Amino acid sequence: MRSDFDETRRQLLAGSVALATASYARHGLAATSSGSPTPVDEGTVAGGRVSFPAIDASTEQPGAPPPNPDVPGQRVGFAVVGLGRLALQNILPAFAQSKHARLTGLVSGDSEKMRVIAAQYGVPKEACYSYEEMARLRNNASIQVVYVVLPNALHRDAVIQAARAGKHVLCEKPMATGPEEAREMIAACREAARKLMIAYRCQYEVNNVELAKRARSGELGDIQFIDAINSQNQGDPTQWRQIKKLAGGGSLPDVGLYCLNTARALLGEEPSEVIASIHSPEHDPRFREVESTVSFILRFPSGILANCASSYSAHEQRNFRVLGSKAAAEITNAFAYEGQKLHMSRRDAQAEAKVELNLGVKNQFSLEMDHMALCVRNNVEPRTPGEEGLQDQILMSAIYQSAQTGQPISLKPELRRDAFRGPPPDDRHA
Ligand code: NAD
């Protein structure tokens, strides 16, 4: 027997179904009353990929689609060379979010550390090599890419050895300690018909990519000026970053490079002139061999000026600003591993509006490795090939020369757009 309570509940439920159905209809969505899942709930499977239709109104930001990673055995295998901080804190963990790359080998000078790391990441003993054994990589078909994560002066030899062992190479920035080494690395990879990509992660990071797209689309009007700072306060003076022979320089090749490369990548132009000045605190043991603060201006053929600065003795700041005639944009933490915030400022009727864009969080190391993996699989030139790294080496030499002579340095005119880059990553795989 139905109680009054049951009847009231039934009427309420019927009322809310009617309301929900009307609301679905307003948003162009079909409602179901059968209780069994529909494709809206279950998603659809096509071409080996699972997808879900949007269920939020078109006024809402859509959720991220499922990543649809490759079957593990079909991902491109990477061996990481050098098990220091970047490798252990950022690169190895990033394989977990990668869709097309997997860790299949390790190279290290420390067998005990390598044994521990191999166990943590499931790398078999036979795929662990010392630096001296790199030629043996040739015999390991599960390794297609070698990712070099050593101190800067050791990149050259490791890249050349990897290419000669028949492997494609992803190399950490800065590519080398000077243009000559960079040219040798490019030549060795070309000779071995292997791809060489430089790990400019900011060219794959979603906020930096979005800002470059908007700037290039004209959304900011005519770009006038870029302001880029990348600073950190170094500690231990004995670390390799403070030793010229291993690092090649101080803050410029390590962190100033991000200002240089991001400005170039955003504009697609190449500087026609640089002017620079350097200051290092006197009697500071950290700066016996390498510089601390570098301030440099890049002049681009269009007239745009980029004001860049790096420091090894100032508190961490990693910000990038672009000023256009119609709008300005800023990425805070632009060059950091995470925590980027993209703001756009423009007039909105009688007000000045500052909007923060939420692009979601994506691991930039995973994006970068996935790009390399797809370039290898599809035989495509990486967005940031060796030539992109060489160009930065040439520009950094000019920056040092300007600081030394106190004169502006003119550069060979380069009027091709994105002269040293491959095609941008294909969004369909992002
Ligand atoms: P790190 O000092 O933490 O690690 C360096 C590794 O190289 C260690 O495992 C060390 O044992 C090994 N090594 C081999 N020979 C060495 C030698 N002669 N002297 C010193 N170490 C030697 O350095 P890291 O921070 O991992 O940097 C490695 C590379 O990655 C550098 O080229 C650096 O510029 C680059 N890096 C890039 C990013 C980025 O965001 N893309 C961030 C940090 C470092």
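Just follow the structure's listing: the first ligand is 1, and inside any ligand the first atom is 1. Because the structure is a prediction, the values reported are computed rather than measured.
- Nearest protein heavy-atom contact of atom 34 (O) of ligand 1 is K173 O, 2.9 Å.
- The shortest distance between side-chain heavy atoms of P301 and L415 falls below 4.5 Å.
- The closest side-chain donor-acceptor pair between Q232 and R318 falls under 3.5 angstrom.
- Atoms of ligand 1 lying under 4.0 Å from any heavy atom of P174, numbered from 1 in the order shown and given with element: 34 (O).
- When heavy-atom distances to ligand 1 are checked against a 4.0 Å cut-off, R201 comes that close only through its side chain, counted from C-beta outward.
- For the pair R201 and E205, the salt-bridge criterion is not met [side-chain N within less than 4.0 Å of a carboxylate O].
- At the shortest separation from atom 44 (C) of ligand 1 among protein heavy atoms lies R241 NH2, 3.2 Å.
- Under a 4.0 Å criterion applied to the non-hydrogen atoms of H155, ligand 1 contributes the atoms 32 (O).
- Atom 30 (O) of ligand 1 has as its closest protein heavy atom E172 CG, 3.4 Å.
- With hydrogens left out, the protein atom closest to atom 29 (C) of ligand 1 is L150 O, 3.3 Å, a heavy atom.
- Looking only at heavy atoms of the protein, atom 32 (O) of ligand 1 is closest to N152 OD1, 2.7 Å.
- Within the 4.5 Å cutoff, the side chain of R286 has no heavy atoms near those of the Y312 side chain.
- Counting heavy-atom neighbours within 6.0 Å of E133 CD, excluding the residue itself, gives a total above 12.
- For ligand 1, none of its N or O atoms has an N or O atom of F365 under 3.5 Å away.
- Note: F365 and Y337 meet the aromatic proximity criterion, with ring centroids under 6.0 Å apart.
- Of the listed residues (V149, L86, N90), the one carrying the non-hydrogen atom nearest atom 28 (C) of ligand 1 is V149.
- In this structure the side chain of K173 never reaches within 4.5 angstrom of the side chain of M175, judged on heavy atoms.
- No side-chain donor from either of S311 and S231 sits under 3.5 Å from a side-chain acceptor of the other.
- Neither the backbone nor the side chain of Q364 has a heavy atom within less than 4.0 Å of ligand 1.
- Ion pairing of E269 with R264 is absent here, as no side-chain N (NZ or NE/NH1/NH2) approaches a carboxylate O to less than 4.0 Å.
- For atom 16 (C) of ligand 1, the closest non-hydrogen atom on the protein side is L154 CD1, 3.7 Å.
- The shortest contact between atom 42 (C) of ligand 1 and any protein heavy atom is with Y337 OH, 3.0 Å.
- Atom 10 (C) of ligand 1 is never approached by the protein to below 4.0 angstrom, counting heavy atoms only.
- At a heavy-atom cutoff of 4.0 Å, ligand 1 is contacted by the backbone of L83 but not by its side chain.
- Residues T293 and S310 are not in side-chain contact: their nearest non-hydrogen atoms beyond the backbone lie 4.5 Å or more apart.
- Under 4.0 angstrom from ligand 1, the non-hydrogen atoms of R85 come from both its backbone and its side chain.
- In the vicinity of K113, heavy-atom distances shorter than 4.0 Å reach the ligand 1 atoms 9 (O).
- Every atom of ligand 1 with a heavy atom of Y258 under 4.0 Å away is listed here by number and element: 38 (C), 39 (C), 40 (O), 41 (N).
- Looking only at heavy atoms of the protein, atom 21 (N) of ligand 1 is closest to P151 CG, 3.4 Å.
- The backbone N or O of K99 lies less than 3.5 Å from a partner atom in the side chain of D370, making a donor-acceptor pair.
- Of all atoms in ligand 1, listed by their number and element, those nearer than 4.0 Å to a heavy atom of Y131 are 12 (C), 14 (C).
- Proximity of Q239 to Q234: side-chain heavy atoms (C-beta onward) are separated by under 4.5 Å at one or more points.
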